[in-house]
Amino acid sequence: MAQISSSRWANINLDKQTEHDAAIATIKFLEKVRDTLSAGDFSTNKTLLTIPFREFDPKHLDFVLATVGSGEVRATIGKSIRLEETAIEGLWRVQENGIDRFEVVTVPLDLLRNLSTTPLEPQLSKIPQGIFAASAILQELSQAQRTENLEKLSVEPPYTVEISRQPLSPEDGSFLEAALGKGMIDISISGFASAHIQSTAMKGIWRNRIFNNAGKALFDAYVVTMLPPEVGESAEEMKLGAQHCEEILQWLKEDIQSGSL
């Protein structure tokens, strides 16, 4: 998660009265988010709170967005949906067909609605010459697709077939990509290293790559799971989001009381 700091709203260019009003609006918003995160039932992945951007005064939105910050996870679904985790665990910004909203949820439902559904059935009789490791990898992924629970979100490490350590030829890599296809979901995760997770066209099969700051691949694998666990939030992280809301609320209220906002 991005670090939350009381100085994050210091650089918003608003006149004094607008900044004060924006701070008041942000307090009301964050109190709703905090209360939702504190009392939420996270045993099922339901959207606990939805607040469209249209409910805010447009002059206050820059202040609100600067306050909640940006987290580590971003995703696109096709060309019409963009998702961004905020720096408050469990609070997401969702843009669908150009319309923005905030959601409090462990995993945005738009991700789950756009999961691939096709079973992997390798056509072993159609393996061209020069393909060696790819056929065995496809068989392993097909078997994992049948045995792993792809109907339930999990925080456990997924079934993994690491390909960065296998003697794959360029033909093997191209054959794997063609056989698995490309799904709707692209996810990027920032941190000490950057991760790129892409859904394939096959149910529960994802390409997961991790790169260092120089762009060199440190890890390249296919994982088999409903959704890679690093994308969503656990119940413990959702509770932590409530604490972070409270921290920001205290800073805002103190700055209002002192007259700096």
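Values below: all heavy atoms of this structure, side chains included; hydrogens, waters and symmetry mates excluded. No experiment lies behind these values; they were computed from the predicted model shown.
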Item to check | Exam field: side chain Asp172 to backbone Ala134, donor-acceptor pair closer than 3.5 Å | outcome: yes
Checklist entry - With under 30° as parallel and over 60° as perpendicular, where do the rings of Phe56 and Phe29 fit, or are they tilted in between? => result perpendicular
Checklist entry - Going through the checks in order, is the salt bridge (Lys or Arg N to Asp or Glu O under 4.0 Å) test met by Glu151 and Lys203? => result CA-CA 10 Å; Glu151 308 302 327; Lys203 181 176 180 176; 2.4 Å; yes
Checklist entry - Taking atom CD of Gln139 and atom CG of Leu141, what is their separation to the nearest 0.5 Å? => result 10.5 Å
Next on the checklist: Tell me whether Lys182 at atom NZ has more than 12 heavy atoms from other residues, nucleotides or ligands lying less than 6.0 Å away.
Outcome noted: no
Checklist entry - Is there a donor-acceptor pair closer than 3.5 Å between any side-chain N or O of Thr86 and the backbone N or O of Leu91? => result yes
Checklist entry - Are Lys28 and Glu55 close enough, and set up right, to give a salt bridge (Lys or Arg N to Asp or Glu O under 4.0 Å), and what steps lead you there? => result CA-CA 12 Å; Lys28 292 179 180 178; Glu55 293 190 7; over 6 Å; no
Item to check | Check: Glu230/Asn208 side-chain N/O donor and acceptor closer than 3.5 Å | outcome: yes
Checklist entry - Does the side chain of Ile189 come within less than 4.5 Å of Ile210's, by heavy atoms? => result no
Item to check | Ile99 vs Glu96 side-chain heavy atoms within contact, under 4.5 Å | outcome: no
Checklist entry - For Val107 and Val105, which heavy atoms make the closest approach, and how far apart are they? => result O-CG2, 3.2 Å
Checklist entry - Can you name the one residue among Glu148, Gln143, Glu140 that meets side-chain hydrogen bond (donor to acceptor under 3.5 Å, both in side chains) with Tyr159? => result Glu140
Next on the checklist: Does Lys32 have more than 12 heavy atoms from other residues, nucleotides or ligands lying within 6.0 Å of its NZ?
Outcome noted: no
Checklist entry - Which distance, rounded to the nearest 0.5 Å, do you find between the CG of Leu180 and the OG of Ser199? => result 11.0 Å
Item to check | Single-linkage hydrophobic cluster Val223~Val155, side-chain heavy atoms < 4.5 angstrom | outcome: no
Checklist entry - Hey, does Leu150 have a side-chain heavy atom less than 4.5 Å from the side chain of Gln145? => result yes
Next on the checklist: Tell me whether the count of non-hydrogen atoms from other residues, nucleotides or ligands lying under 6.0 Å of CZ in Arg82 goes above 12.
Outcome noted: no
Checklist entry - If you round to the nearest 0.5 Å, how far is CD of Glu246 from CZ of Arg34? => result 5.0 Å
Checklist entry - Can you tell if the side chain of Pro158 reaches within under 4.5 Å of the side chain of Pro229, non-hydrogen atoms only? => result yes
Item to check | Side-chain heavy atoms of Leu30 within contact of Val68, under 4.5 Å | outcome: yes
Next on the checklist: Run Thr26 and His60 through side chain to side chain contact (heavy atoms under 4.5 Å, CB included) and show every step you take.
Outcome noted: CA-CA 8 Å; Thr26 303; His60 301 162; 5.9 Å; no
Next on the checklist: Is it the case that the side chains of Ser258 and Ser260 hold a donor-acceptor pair, with the cut-off being a distance below 3.5 Å and no angle test?
Outcome noted: yes
Item to check | Glu171 versus Ser169, side-chain donor and acceptor atoms under 3.5 Å | outcome: yes
Checklist entry - Going hydrophobic residue to hydrophobic residue with side-chain gaps under 4.5 angstrom, can you get from Leu37 over to Leu48? => result yes
Checklist entry - Does Gly71 offer a backbone N or O that forms a donor-acceptor pair with the side chain of Glu85 under 3.5 Å? => result no
Checklist entry - So, does Ser234 use its side chain to make a donor-acceptor pair with the main chain of Glu237 at under 3.5 Å? => result yes
Next on the checklist: I'd like to check Leu112 versus Leu153 (side-chain heavy atoms, cut-off strictly below 4.5 Å). Are they in contact?
Outcome noted: yes
Next on the checklist: If hydrophobic clusters are built from ILVMFWY residues whose side chains come within less than 4.5 Å, do Met238 and Leu249 share one?
Outcome noted: yes
Checklist entry - To the nearest 0.5 Å, what is the distance between CG (Leu138) and CG (Leu120)? => result 6.0 Å
Item to check | Close side-chain approach of Val64 and Phe53, heavy atoms under 4.5 Å | outcome: no
Checklist entry - If you measure from CG on Asn97 to CD1 on Ile81, what distance do you get to the nearest 0.5 Å? => result 7.0 Å
Checklist outcome for this item: What one should report as the nearest heavy-atom pair of Pro228 and Ile197 is CG-CG2, 3.7 Å
Item to check | CA sep, side-chain torsions, deciding dist, call: Leu109, Lys46, side chain to side chain contact (heavy atoms under 4.5 Å, CB included) | outcome: CA-CA 8 Å; Leu109 297 185; Lys46 294 181 179 179; over 6 Å; no
Item to check | Steps toward side chain to side chain contact (heavy atoms under 4.5 Å, CB included) verdict (Trp251, Thr67) | outcome: CA-CA 11 Å; Trp251 290 329; Thr67 302; over 6 Å; no
Next on the checklist: For a quick test of reading the model, state the closest non-hydrogen atom pair linking Lys239 to Gly40 and the distance between them.
Outcome noted: NZ-O, 4.3 Å
Item to check | Within-4.5 Å side-chain heavy-atom neighbours: Arg207 and Ile163 | outcome: yes
Next on the checklist: Taking Asn45's backbone N and O only, do any of them form a donor-acceptor pair with Thr106's side chain (distance below 3.5 Å, no angle check)?
Outcome noted: no
Checklist entry - When Trp206 is tested against each of Thr200, Thr160, Leu115 for side-chain contact (heavy atoms from CB on, under 4.5 Å), which residue passes? => result Leu115
Next on the checklist: Tell me if a side-chain donor or acceptor on Gln166 pairs with a main-chain N or O of Glu162 at a distance below 3.5 Å.
Outcome noted: yes
Checklist entry - Can you list the steps and then say if Leu65 with Arg93 is a side chain to side chain contact (heavy atoms under 4.5 Å, CB included)? => result CA-CA 9 Å; Leu65 291 170; Arg93 175 180 177 179; 3.9 Å; yes
Checklist outcome for this item: Interatomic distance, OG@Ser116 vs CD1@Ile185, rounded to 0.5 Å, equals 7.0 Å
Next on the checklist: Tell me whether Tyr222 shares a hydrophobic cluster with Ile131, the cluster being built from Ile, Leu, Val, Met, Phe, Trp, Tyr side chains joined at under 4.5 Å.
Outcome noted: yes
Item to check | Hydrophobic cluster identity match, Ile88 and Leu252, side-chain contacts under 4.5 Å | outcome: yes
Item to check | ring-ring contact (aromatic ring centres under 6.0 Å, His included) partners of Phe132, counting only residues at least two apart | outcome: none
Item to check | Over all atoms of both residues, closest heavy-atom pair of Val33 and Cys245 | outcome: CG1-SG, 3.6 Å
Checklist outcome for this item: Between Trp92 and Val231 the two heavy atoms that sit nearest each other are CH2-O, 3.5 Å
Checklist entry - Which heavy atom in Ala75 sits nearest to a heavy atom in Leu111, and how many Å separate them? => result CB-CD2, 4.3 Å
